[in-house]
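Quick caveat, the model's predicted, so the values are computed rather than measured. Chain naming here is simple, since letters A, B, ... match the order of the sequence lines and numbering starts at 1 in each.
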Protein chains: 2
Amino acid sequence: MSQTAPRPDGPHGGPGAVGRGSARPTLEEVAALAGVGRGTVSRVINGSPRVSDKARQAVQSAIAELGYVPNRAARTLVTSRTDSIALVVPEAETRLFSEPYFSDIISGVSAELAETDMQLLLILVRNQRERERLSAYLTAQRVDGVLLVSVHQDDPLPSLLESLEIPSVLAGRRSDLEPLSYVHADNAGGARMAVRHLLRRGCTRVATLTGPLDMEVAQARLGGYRRALEEAGRPYDEGLVGLADFTEDGGRLAMRELLERRPDLDGVFCASDVMAAGAMQVLRAAGRRVPDDVAVIGFDDSIVARHTDPPMTSVRQPIEEMGRTMARLLLDEITERGRARRQVVLATELVVRESA
Amino acid sequence: MSQTAPRPDGPHGGPGAVGRGSARPTLEEVAALAGVGRGTVSRVINGSPRVSDKARQAVQSAIAELGYVPNRAARTLVTSRTDSIALVVPEAETRLFSEPYFSDIISGVSAELAETDMQLLLILVRNQRERERLSAYLTAQRVDGVLLVSVHQDDPLPSLLESLEIPSVLAGRRSDLEPLSYVHADNAGGARMAVRHLLRRGCTRVATLTGPLDMEVAQARLGGYRRALEEAGRPYDEGLVGLADFTEDGGRLAMRELLERRPDLDGVFCASDVMAAGAMQVLRAAGRRVPDDVAVIGFDDSIVARHTDPPMTSVRQPIEEMGRTMARLLLDEITERGRARRQVVLATELVVRESA
DNA sequence: GGCCACTGTGGGAGCGCTCCCACAGCGGCC
DNA sequence: GGCCGCTGTGGGAGCGCTCCCACAGTGGCC
């Protein structure tokens, strides 16, 4: 590692001789070239206002000339800021997500981070062992903040984050008492909108397929269903509620039971698109036409919704916007530590197609 | 250059302010507790064999007692290894992918990395500016290796990686002369299988919808189509080739044209599921029954394939396995630098449903 | 005996940065 | 004149680690 030799070849190095091993310039070299001290260069880089214009100029052109990029490790070592945040995804969830969910969240987060020089670390947790490793990891303060995509009420991760006092933002919430910052869609509102649409369409016996009720999302959607009925003066009938789990198979199963219990139902609000897709298959197999005999609405407006037959009416949530917002909240929380937690609810919207 | 937000260099909290779970123990403290020198502790941590069992034992129990976790930044500073790899995804691709593609790749990569202490950095590149930033980023040697999900022949990123001599692995390849390491599915074989299936089924005029031909994937699938025809002694008829772009709209458009040109076609091999879904809609609108009048096969076996009406026969590629393999190759390339590049082709498989 | 090689060990040096203290220079005020 | 404060600056110290050199101890060989 003899980097003693002054490197005569700046960024202008031969066109062929690409910058292979060429040592990266250090802050010290920038200082020397600019004719100032290390401190001043550091101040310029970190945007301190206490620098004369002249010095700033000199430093900036030295930086440009050398192609200087600060060494992250060195900075982290002294500041113990890592300038990186982790997106933590329990892998079990991955399977559940309406398909573009995951990439849309990432896309939003990444878009928001693009202007920053924060790095995005992706951590999938697939089992207990990895969960423990993650705890150790987080405890070792290796990230400045955490985005957690998780919604189960008994998930231990949020509490861990809470107790470690690491800035964090959840996608979704555990309950309406959630103490951590979170961003979520207006699930209740979306469900309510969907059910009102069914009622307005003339449905009189509207059923619902729910997600697993240990998730707040599922509860909220069920709540919206109930609310819409009540607002319309209809009774809430438990016989019309099919407990399922967001999956296609679960949807099929629950739909079959529902159909047996209430053969006269004429509308179904499903808490996920894939459940709705499963339900539509079951309905067709039972000889019901969609939407003529039974109208169906899904939730997520995922790619599946556009491809069922008939195309599915569904509640859209602004997933990418959720990602963006999560990132923004997290950055805020990191810079102004100790500030109150923030919670954001984003509007949902009903995308009407042919199934209802 | 200094695109960092101004960070007032005043209040930094100082030691103790942030020190949550009390300061992390350092290697020095471990050494003291174990009654050995720093060097020995370092050797134990890094698995050097030149340590006596006695010392090793002492160090290990000291580590356990203190809950010591090495400081990554300090290590990186001196070794200039970052112990992290980047997964680079041009965001435009994101939209193209058969839906679970992205998360499956990630899932595979992450699974392979779980046993390592490599970190996974996710970098989406959405425009020219970000592309340039990425170049700067990579040039600054901030990752040990790069996984690149990109397949366009004119993508400048692979060449950049090549010239920077950063270990890298591509998902897919630019051409069959690809010099970088890559992992891809047997696209030609899958296409061939699909077309043979159509022929065996009795189709006599088999058309195809292609992807954009500046991608090797698209070419390979077209090649497989052609090969299957030739093997069966059928002529390759350009009139039966619909140039499209992997998207649903593109599929619809190309299918319509194809139908006009060759109203007698009785089978279509589509180079992506969503194109196949679009094609099926067009066929139905034109009064053709699937599969009775026209048999249809897609590619990807994505979630869409399971939800079309009728459910779609499709070629499955082992995406998660691709992710795993990519990660494995990259780790190899990082540890044994300078080794020959490796290229892996994974088998595809035909998932037969009702559309063919 | 002397010499060698080889193992295991301690600890100095130094990676590239930020933090902070000291201090020069320059007014403005008493 | 002396004193203040305020701005801009240089550079020492030190973050926690790895690398490497020096060296003690142990045996084997001539």
Side-chain angles (χ1 to χ4, degrees), chain A residues 1-4 7 21 23-59 63 66 68-83 117 140-142, chain B residues 2 4 6-19 23-59 63 66 68-83 117 140-142:
Chain A
M1 307 252 176
S2 66
Q3 32 58 269
T4 355
R7 311 169 316 100
R24 296 168 51 188
T26 69
L27 179 141
E28 188 107 36
E29 297 172 49
V30 173
L33 181 60
V36 301
R38 274 187 356 265
T40 300
V41 177
S42 177
R43 272 174 288 247
V44 170
I45 290 169
N46 293 294
S48 158
R50 318 186 147 278
V51 181
S52 68
D53 282 351
K54 187 165 155 257
R56 190 187 314 278
Q57 222 102 71
V59 169
I63 286 176
L66 295 176
Y68 171 75
V69 182
N71 181 315
R72 241 193 163 77
R75 177 180 285 173
T76 297
L77 184 56
V78 36
T79 59
S80 63
R81 253 186 357 220
T82 61
D83 287 330
D117 63 351
Q141 314 248 23
R142 287 211 284 218
Chain B
S2 67
T4 324
R7 257 194 260 274
D9 62 349
H12 167 52
V18 181
R24 294 168 53 188
T26 70
L27 178 141
E28 187 106 39
E29 296 171 49
V30 174
L33 181 58
V36 301
R38 276 190 351 268
T40 301
V41 177
S42 177
R43 272 175 287 249
V44 170
I45 291 170
N46 293 294
S48 157
R50 319 187 146 282
V51 181
S52 67
D53 281 352
K54 188 164 154 256
R56 190 188 315 279
Q57 222 102 71
V59 169
I63 286 176
L66 295 175
Y68 171 74
V69 182
N71 181 315
R72 242 192 164 77
R75 177 180 286 173
T76 296
L77 184 56
V78 37
T79 59
S80 64
R81 250 183 353 190
T82 61
D83 287 331
D117 64 351
Q141 314 250 22
R142 288 211 284 217

Starting at CG of B:Asp53 and ending at P of C:dG8, how long is that distance when rounded to a whole Å? 9 Å
Return the set of residues passing side-chain contact (heavy atoms from CB on, under 4.5 Å) with A:Ala140 (not counting sequence neighbours), or none when no residue passes. A:Arg142, B:Arg24, B:Val69
With A:Thr82 via side-chain hydrogen bond (donor to acceptor under 3.5 Å, both in side chains) - residues at least two apart: A:Ser84, A:Asp144
B:Arg75 side chain to B:Asp83 main-chain N or O, any donor-acceptor pair under 3.5 Å? no
Residue list, side-chain contact (heavy atoms from CB on, under 4.5 Å) with B:Leu27, at least two apart or on another chain: B:Arg38, B:Val41, B:Ser42, B:Ile45, B:Tyr68
Closest approach to the side chain of B:Ala55, judged atom by atom: which nucleotide of D:dT18, C:dT9, D:dG8 is it? C:dT9
Nearest 0.5 angstrom please: A:Asp117 CG to A:Arg72 CZ, how far? 5.5 Å
Between the first and last five pairs of the helix from C:dG1-D:dC30 to C:dC30-D:dG1, the angle of the axes, rounded to 10 degrees: 60°
So which atom in A:Ala74 and which in B:Leu77 form the shortest heavy-atom distance, rounded to 0.1 Å? CB-CD1, 3.6 Å
What are the atom names and distances for every N/O pair under 3.5 Å that joins the protein to nucleotides 25-28 of chain C?
none

Residues in side-chain contact (heavy atoms from CB on, under 4.5 Å) with B:Ala58, at least two apart? B:Ala34
Starting at CG of B:Asp83 and ending at P of D:dC17, how long is that distance when rounded to a whole Å? 14 Å
Reading nucleotides 11-16 of chain D from 5' to 3' and marking B where a protein heavy atom lies under 4.0 Å of the base, S where only the sugar-phosphate is that close, and - otherwise, the string is BBB-BB
Rounded to whole Å, how long is the line connecting atom CZ of A:Arg50 with atom P of D:dG5? 15 Å
Just to confirm, is there a sub-4.0 Å distance from OP1 or OP2 of D:dC19 to any side-chain nitrogen or oxygen of B:Ser42? no
Mind calculating the distance between CZ (B:Arg81) and P (D:dT18) to the nearest angstrom? 8 Å
Could you pull out all donor-acceptor pairs under 3.5 Å where a side-chain atom in residues 47-57 of chain B meets a protein atom, sequence neighbours excluded?
residue: B:Ser48; atom: OG; partner: B:Arg50; partner atom: N; Å: 3.1
residue: B:Ser52; atom: OG; partner: B:Ala55; partner atom: N; Å: 3.2
residue: B:Arg56; atom: NH2; partner: B:Val51; partner atom: O; Å: 3.2

